[in-house]
Student: 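Got a structure for you, questions after.
Since this is a predicted model, take the numbers as computed values, not measurements. All values below were derived from every heavy atom in this structure, side-chain atoms included, with hydrogens, water molecules and symmetry-related copies excluded. So that the names make sense, note that chain A is the first sequence line, chain B the second, and so on, each numbered from 1.
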Amino acid sequence: MTSFSDLGLSPELLQAVADSGYTQPTPIQAQAIPYVLMGRDVLGCAQTGTGKTASFTLPMIDILAQGRARARMPRSLILEPTRELATQVAESFDRYGKHHKLNQALLIGGESMAEQEKKLDRGVDVLIATPGRLMDLFDRGKILMTDVRTLVIDEADRMLDMGFIPDVERIVSLLPRIRQTLFFSATMATEIRRLADAFLSNPKEISVAPPASPAATVVQSIVVVDAADKRDALRRLIESEEVRSAIIFCNRKRDVDILFKSLQKHGFDAAALHGDLAQSKRTETLESFKRGEIRLLVASDVAARGLDVDSLSHVFNFDVPHHAEDYVHRIGRTGRAGREGRSFTLATPEEGKNVQAIERLIGGAIPKIDVEGIPTLELSDEDRPRGRGRARKAEPRREAAAPAAERRPARTRRPKAAAEAPAPEVVAEAAVVEMAEQPAPVVAAERPERTERRPDARRESSRRERPAEAPRAEPAQPSARRPEPRPERRRDSGRPEATADMRPARAPVVPFRPERDNHGHRREREADDVPVLAFGDHTPAFLLRAAPRRA
DNA sequence: AAAAAAT
């Protein structure tokens with residue numbers, strides 16, 4: 001078994017590690033640290049909770065121990081997706097760097113810029129930042145990137161989810177080519193892999209299992225109640241459980257506020273945390289929660305990932321999260337370090353679809369329980385009904401347009417039988433197989449069919465259309481990129497076979513590309529130039545007519 | 001549909 005002293009770290013650093021009470025490196029630390037010390041690039045597939053942070057802070061401290069920073073020219077840069085995570089990394093440098101004299105600066109939004117500028121002027125060895133504030137300060141000329149020799153991109157998958165990748169790409173483009181890059185992500189979806197290829201050179205790839213799937217260490221239950229009963233149900237659950245400390249997740253920031261006030265009114269020891277609160281308040285709340293001064297933290301998904309709070313006894317989901325992955329991240333806040341944790345999810349019948357998605361992801365059903373005094377309902381497997389009048393009216397219209405075969409009596413069948421079989425066997429089986437192959441519970445992100453429905457999939461696909469990835473304008477073989485729609489699949493077009501057959505199979509598609517569009521605007525985006533294959537060469541006259549001027 | 005991040 002390796003110990004910290006086998007990894008090549010300096011005596012001062014080993015002392016700091018020992019002072020923190022750690023004796024054994026985690027797998028990712030044992031694997032990564034020697035390579036980081038060698039100066040190699042590292043591609044680490046690991047989640048939070050694996051000891052990932054120390055796997056780069058420790059060797060970086062030793063690397064940075066030699067040399068000195070010049071004003072405004074940081075020697076290393078660590079990018080984090082949220083302010084809280086950035087703060088945590090800064091704390092890690094504080095803890096392990098206490099025997100070194102490294103200057104660090106934490107550049108995050110919501111805090112005074114003057115302070116951060118002052119630190120930059122003094123010269124920083126370690127710069128820890130969220131992308132927005134970093135770019136802001138850079139654009140004001142407060143930072144020169146030319147001395148950055150070590151770059152860390154942490155939680156790349158989350159940066160992708162949050163739309164930070166363009167910022168990250170810009171920042172990386174400002175750095176010297178010759179540098180050491182450490183890149184961490186919980187998943188290696190294709191988009192992430194593409195970034196890694198762009199940023200890293202000959203990286204050492206390290207992949208560690210997630211810290212034990214929360215499914216194994218967290219005792220989960222779900223309660224299905226009416227929306228109006230949720231707060232009551234939650235209070236009863238908290239009272240019937242031995243809640244030492246807990247995070248209660250809501251999907252929306254305003255619901256965080258509402259629930260927080262309600263709990264306070266009922267005499268619970270609670271605080272609220274979400275991204276609309278002042279940063280000072282966020283920091284203060286999180287600190288006192290970590291110190292155990294507050295028992296219940298009502299939070300948005302800011303707190304879902306990566307936050308390192310010891311000894312949470314419970315996680316409550318006041319709402320079913322929109323993305324199944326978030327469920328795993330949320331309940332993963334408890335049951336850490338081998339301790340037992342419990343999670344309770346409050347669902348309304350309309351959230352049934354989301355519950356199914358979660359059960360598919362974790363490969364099993366979440367046991368349903370009753371809360372005494374609250375009527376238990378059944379999960380629905382219908383799509384959430386939207387609004388009142390509007391949705392109702394819209395529906396028949398859609399069905400009238402659909403081919404007869406697909407039409408079905410609006411909502412006559414599907415009472416209980418359907419509701420009680422939430423995940424068809426096939427799907428459940430698939431989930432199990434995937435869990436086995438890909439231990440990370442975030443697998444769904446890598447499944448192409450699934451990504452269509454995820455919000456960031458849109459970003460991904462629009463990226464894919466950029467010239468670099470998908471050189472188009474190969475008129476010779478349009479069918480290779482976009483197969484002709486087969487006639488039998490076409491619905492409802494009045495003259496089903498016509499368009500496909502009227503064109504010779506291999507006719508070159510030379511799209512008509514006027515310099516300006518019908519509104520007189522210059523065309524700029526290439527996406528506009530993609531030929532509309534569905535119409536063949538024929539563009540219906542109404543599309544060519546100038547659009548009526550809008551007021 | 002929502003949250004995260006720059007003001």
Student: In terms of side-chain geometry, is the basic nitrogen of A/Glu111 or A/Arg282 positioned less than 4.0 Å from the acidic oxygen of its partner?
Tutor: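 No, this pair does not count.
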Student: Nearest whole angstrom, please: distance from the P of B/dA6 to the CE of A/Met162.
Tutor: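 Atom CE in A/Met162 sits about 9 Å away from atom P in B/dA6.
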Student: Report the distance from atom NE2 of A/His322 to atom C1' of B/dA1, rounded to the nearest whole Å.
Tutor: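 From A/His322 NE2 to B/dA1 C1': 5 Å.
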Student: Between B/dA2, B/dA6, B/dA4, which one does the side chain of A/Val302 approach most closely?
Tutor: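 Looking only at side-chain atoms, A/Val302 lies closest to B/dA4.
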Student: Mind calculating the distance between NZ (A/Lys253) and P (B/dA3) to the nearest angstrom?
Tutor: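 Atom NZ in A/Lys253 sits about 5 Å away from atom P in B/dA3.
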Student: Which of these passes side-chain contact (heavy atoms from CB on, under 4.5 Å) with A/Leu127: A/Ile78, A/Val148, A/Asn103, A/Leu120?
Tutor: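 Per the side-chain contact (heavy atoms from CB on, under 4.5 Å) rule, the option paired with A/Leu127 is A/Leu120, out of A/Ile78, A/Val148, A/Asn103, A/Leu120.
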Student: Less than 4.0 angstrom between a side-chain N/O of A/Arg133 and OP1 or OP2 of B/dT7, yes or no?
Tutor: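 Yes, within the criterion.
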Student: Given B/dA1, B/dA6, B/dA3, identify the nucleotide with an atom nearest to the side chain of A/Asp136.
Tutor: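 Nearest nucleotide to the side chain: B/dA6.
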Student: Kindly say if A/Thr82 contacts the phosphate of B/dA5, meaning a side-chain N or O under 4.0 Å from OP1 or OP2.
Tutor: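 So the side chain of A/Thr82 is outside the cut-off, no N or O lying under 4.0 Å from OP1 or OP2 of B/dA5.
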Student: Between B/dA4, B/dA5, B/dA2, spot the one nearest the side chain of A/Arg83, thanks.
Tutor: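 Nearest listed nucleotide: B/dA5.
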Student: For the side chain of A/Thr130, counting heavy atoms from C-beta on, which of B/dT7, B/dA3, B/dA5 is nearest?
Tutor: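 Among the listed nucleotides, the one closest to the side chain of A/Thr130 is B/dA5.
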Student: Please classify the nucleic acid contact of A/Arg140 as base, sugar-phosphate, or nothing, using heavy-atom distances under 4.0 Å.
Tutor: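 No contact.
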Student: Just the rounded figure in Å: distance from C1' of B/dA3 to NE2 of A/His329.
Tutor: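 Computing the A/His329:NE2 to B/dA3:C1' distance gives 13 Å.
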Student: How close or far is atom P of B/dA5 from atom CD of A/Glu84, stated in whole angstroms?
Tutor: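 About 7 Å, once rounded to whole Å.
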Student: Could you check whether any side-chain N or O of A/Ser313 sits under 3.5 Å from a backbone N or O of A/Arg244, counting only pairs where one atom can act as donor and the other as acceptor?
Tutor: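 Side chain of A/Ser313 to backbone of A/Arg244: a pair is present.
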Student: Quick one: A/Ile108 CD1 to B/dA4 P, roughly how many Å, whole number?
Tutor: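 The answer, rounded to whole Å, is 14 Å.
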Student: Salt bridge or not between A/Asp139 and A/Arg170? Use side-chain N to carboxylate O under 4.0 Å.
Tutor: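 Judged by the 4.0 Å cut-off on N to carboxylate O distance, A/Asp139 and A/Arg170 do form a salt bridge.
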Student: Side-chain N or O of A/Arg252 versus OP1/OP2 of B/dA4: is the shortest distance under 4.0 Å?
Tutor: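 No, no such contact exists.
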Student: Mind calculating the distance between CG (A/Leu85) and P (B/dA5) to the nearest angstrom?
Tutor: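 Going from CG in A/Leu85 over to P in B/dA5 covers 10 Å.
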Student: Rounded to the Å, how far apart are A/Leu259 CG and B/dA2 P?
Tutor: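 Value for this atom pair: 17 Å.
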Student: Verify the ring-centre separation between A/Tyr327 and A/His329: is it less than 6.0 angstrom?
Tutor: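 Between A/Tyr327 and A/His329, which both carry aromatic rings, the centre distance is not below 6.0 Å.
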